[in-house]
Undergrad: 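Sharing a structure with you now.
Residue numbers run from 1 in the order of the sequence given.
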Amino acid sequence: VQLQASGGGLVQVGGSLRLSCAASGFAFNNYYMGWFRQAPGKEREFVAGISGSGSSTWYADSVKGRFTITSDNDKNTVYLQMNSLKPEDTAVYYCAARRYYRATWDGMDYWGKGTLVTVSS
């Protein structure tokens, strides 16, 4: 199983970035995919999630209206479009996968290595 996140970088306040997470080694369209982030000195937190079919999405309140999660089952890839970025969005962003639905986004089955997003003011 591999989850390879990419697309991080340095962006100014108000800017945009799109993160990608390429998955392999499992039945991508049968898994719930999530994006998480960990800022310096803070615990990792849920950012956004999407069902295997792509028909359902979930967002943390802090990113609603600014971030959009999508997936492409043909490419086994999940994306996170981040707009109107703020300094508090600075973090390492991780993608993760889980086979079964839960009401909360803890207990993911697979994790990828993160990609760093830095929002400068």
Side-chain angles (χ1 to χ4, degrees):
V1 171
Q2 279 197 322
L3 294 170
Q4 183 65 52
S6 62
L10 176 64
V11 63
Q12 291 194 336
V13 170
S16 298
L17 278 178
R18 188 177 82 154
L19 306 183
S20 300
C21 175
S24 62
F26 62 97
F28 180 81
N29 60 348
N30 287 338
Y31 277 70
Y32 291 82
M33 299 297 297
W35 284 99
F36 297 76
R37 67 187 180 186
Q38 187 166 20
K42 295 188 176 181
E43 292 188 353
R44 187 166 56 195
E45 63 176 358
F46 168 76
V47 175
I50 189 167
S51 61
S53 67
S55 60
S56 297
T57 57
W58 297 264
Y59 295 94
D61 288 344
S62 59
V63 306
K64 278 181 183 176
R66 300 188 298 122
F67 290 11
T68 303
I69 186 170
T70 58
S71 62
D72 184 334
N73 285 357
D74 290 335
K75 295 182 178 179
N76 286 2
T77 300
V78 61
Y79 304 96
L80 185 68
Q81 177 67 42
M82 306 186 295
N83 298 329
S84 303
L85 283 161
K86 305 175 180 180
E88 51 264 42
D89 295 319
T90 295
V92 177
Y93 283 72
Y94 301 87
C95 63
R98 186 171 68 204
R99 178 64 180 87
Y100 296 107
Y101 173 79
R102 292 183 192 176
T104 60
W105 285 85
D106 57 340
M108 303 301 283
D109 296 330
Y110 307 125
W111 288 90
K113 292 182 180 180
T115 185
L116 177 62
V117 172
T118 303
V119 183
S120 68
S121 55

Undergrad: Indicate yes or no for a side-chain donor-acceptor contact from Thr115 to the backbone of Tyr93 under 3.5 Å, with no hydrogens or angles considered.
TA: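 Such a contact is absent between Thr115 side chain and Tyr93 backbone.
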Undergrad: For Leu17 and Leu85, work out which heavy atoms get closest and say how close.
TA: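 It is N-CD1, 3.9 Å.
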Undergrad: What pairs of residues pass the disulfide bond (SG atoms under 2.5 Å apart) test when at least one of them lies in residues 67-121, not counting sequence neighbours?
TA: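 Of all non-adjacent pairs touching residues 67-121, those that pass disulfide bond (SG atoms under 2.5 Å apart) are Cys21-Cys95.
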Undergrad: If you draw a 6.0 Å radius around CD in Gln38, do more than 12 non-hydrogen atoms from other residues or ligands fall strictly inside?
TA: yes
Undergrad: Look at the side-chain heavy atoms of Ile, Leu, Val, Met, Phe, Trp and Tyr, link any pair under 4.5 Å apart, and say whether Phe36 and Val117 land in one connected group.
TA: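 No; Val117 is not reachable from Phe36 via cluster members.
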Undergrad: In Å, rounded to the nearest 0.5 Å, how long is the span from CG of Leu19 to CH2 of Trp35?
TA: 4.5 Å
Undergrad: Can you list everything that forms a ring pair (Phe, Tyr, Trp, His ring centres under 6.0 Å) with Tyr100? Sequence neighbours excluded, please.
TA: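 In terms of ring pair (Phe, Tyr, Trp, His ring centres under 6.0 Å), with neighbours along the sequence ignored, Tyr100 is linked to no residue.
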Undergrad: Taking only residues at least two apart or on different chains, which pairs with a member in residues 8-28 satisfy side-chain hydrogen bond (donor to acceptor under 3.5 Å, both in side chains)?
TA: Ser16-Asn83
Undergrad: Hey, what do you get for CG (Asn76) to OH (Tyr31), rounding to the nearest 0.5 Å?
TA: 12.0 Å
Undergrad: How would you list all residue pairs meeting disulfide bond (SG atoms under 2.5 Å apart) that involve residues 25-55, not counting sequence neighbours?
TA: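 The answer is none; no pair qualifies.
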Undergrad: Could you walk me through whether Met82 and Asp89 pass the side-chain contact (heavy atoms from CB on, under 4.5 Å) check?
TA: CA-CA 9 Å; Met82 306 186 295; Asp89 295 319; over 6 Å; no
Undergrad: Mind checking salt bridge (charged side-chain N to carboxylate O under 4.0 Å, His left out) for Asp74 and listing every partner two or more places apart, or none if nothing turns up?
TA: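 Asp74: no salt bridge (charged side-chain N to carboxylate O under 4.0 Å, His left out) contacts found.
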Undergrad: Tabulate below the donor-acceptor pairs under 3.5 Å that side-chain atoms of residues 41-58 make, not counting sequence neighbours, or state none.
TA:
{"from": "Glu45", "atom 1": "OE2", "to": "Arg37", "atom 2": "NE", "distance (Å)": "2.6"}
{"from": "Glu45", "atom 1": "OE2", "to": "Arg37", "atom 2": "NH2", "distance (Å)": "3.2"}
{"from": "Ser51", "atom 1": "OG", "to": "Ser53", "atom 2": "OG", "distance (Å)": "3.4"}
{"from": "Ser51", "atom 1": "OG", "to": "Gly54", "atom 2": "N", "distance (Å)": "3.4"}
{"from": "Ser51", "atom 1": "OG", "to": "Ser55", "atom 2": "N", "distance (Å)": "3.3"}
{"from": "Ser51", "atom 1": "OG", "to": "Ser56", "atom 2": "N", "distance (Å)": "3.1"}
{"from": "Ser53", "atom 1": "OG", "to": "Ser55", "atom 2": "N", "distance (Å)": "3.2"}
{"from": "Ser53", "atom 1": "OG", "to": "Ser55", "atom 2": "OG", "distance (Å)": "2.7"}

Undergrad: Scan residues 30-65 for pairs that pass disulfide bond (SG atoms under 2.5 Å apart), counting only residues two or more places apart or in two chains.
TA: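 Qualifying pairs: none.
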Undergrad: If the condition is side-chain contact (heavy atoms from CB on, under 4.5 Å), which residues does Ala23 pass it with, not counting sequence neighbours?
TA: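 Result, side-chain contact (heavy atoms from CB on, under 4.5 Å) vs Ala23: Leu3, Phe26, Phe28.
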Undergrad: Tell me, with the steps shown, if Lys64 and Asp61 meet salt bridge (charged side-chain N to carboxylate O under 4.0 Å, His left out).
TA: CA-CA 5 Å; Lys64 278 181 183 176; Asp61 288 344; 3.2 Å; yes
Undergrad: By the rule that ILVMFWY residues connect when side-chain heavy atoms come within less than 4.5 angstrom, directly or transitively, which residues belong alongside Tyr79?
TA: none
Undergrad: Between side-chain atoms of residues 103-113 and protein atoms elsewhere (two or more places apart, or another chain), which donor-acceptor pairs fall under 3.5 Å?
TA:
{"from": "Thr104", "atom 1": "OG1", "to": "Asp106", "atom 2": "OD1", "distance (Å)": "2.6"}
{"from": "Asp109", "atom 1": "OD2", "to": "Arg99", "atom 2": "N", "distance (Å)": "2.8"}

Undergrad: Shared ILVMFWY cluster between Tyr59 and Tyr32, side chains joined below 4.5 angstrom?
TA: no
Undergrad: Which heavy atom in Thr77 sits nearest to a heavy atom in Ala22, and how many Å separate them?
TA: OG1-CA, 3.9 Å
Undergrad: For Thr70 and Gln81, run side-chain contact (heavy atoms from CB on, under 4.5 Å): C-alpha distance rounded to whole Å, both residues' side-chain angles, the deciding distance at 0.1 Å, then the answer.
TA: CA-CA 8 Å; Thr70 58; Gln81 177 67 42; over 6 Å; no
Undergrad: Which atoms form the tightest heavy-atom contact between Val78 and Met33, and what is the distance?
TA: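 The pair with the smallest heavy-atom distance is CG1-CE, 4.0 Å.
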Undergrad: In chain order, what residues pass the side-chain contact (heavy atoms from CB on, under 4.5 Å) check against Val92, with sequence neighbours excluded?
TA: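 Testing Val92 for side-chain contact (heavy atoms from CB on, under 4.5 Å), a comparison that skips the adjacent residues, returns Tyr94, Leu116.
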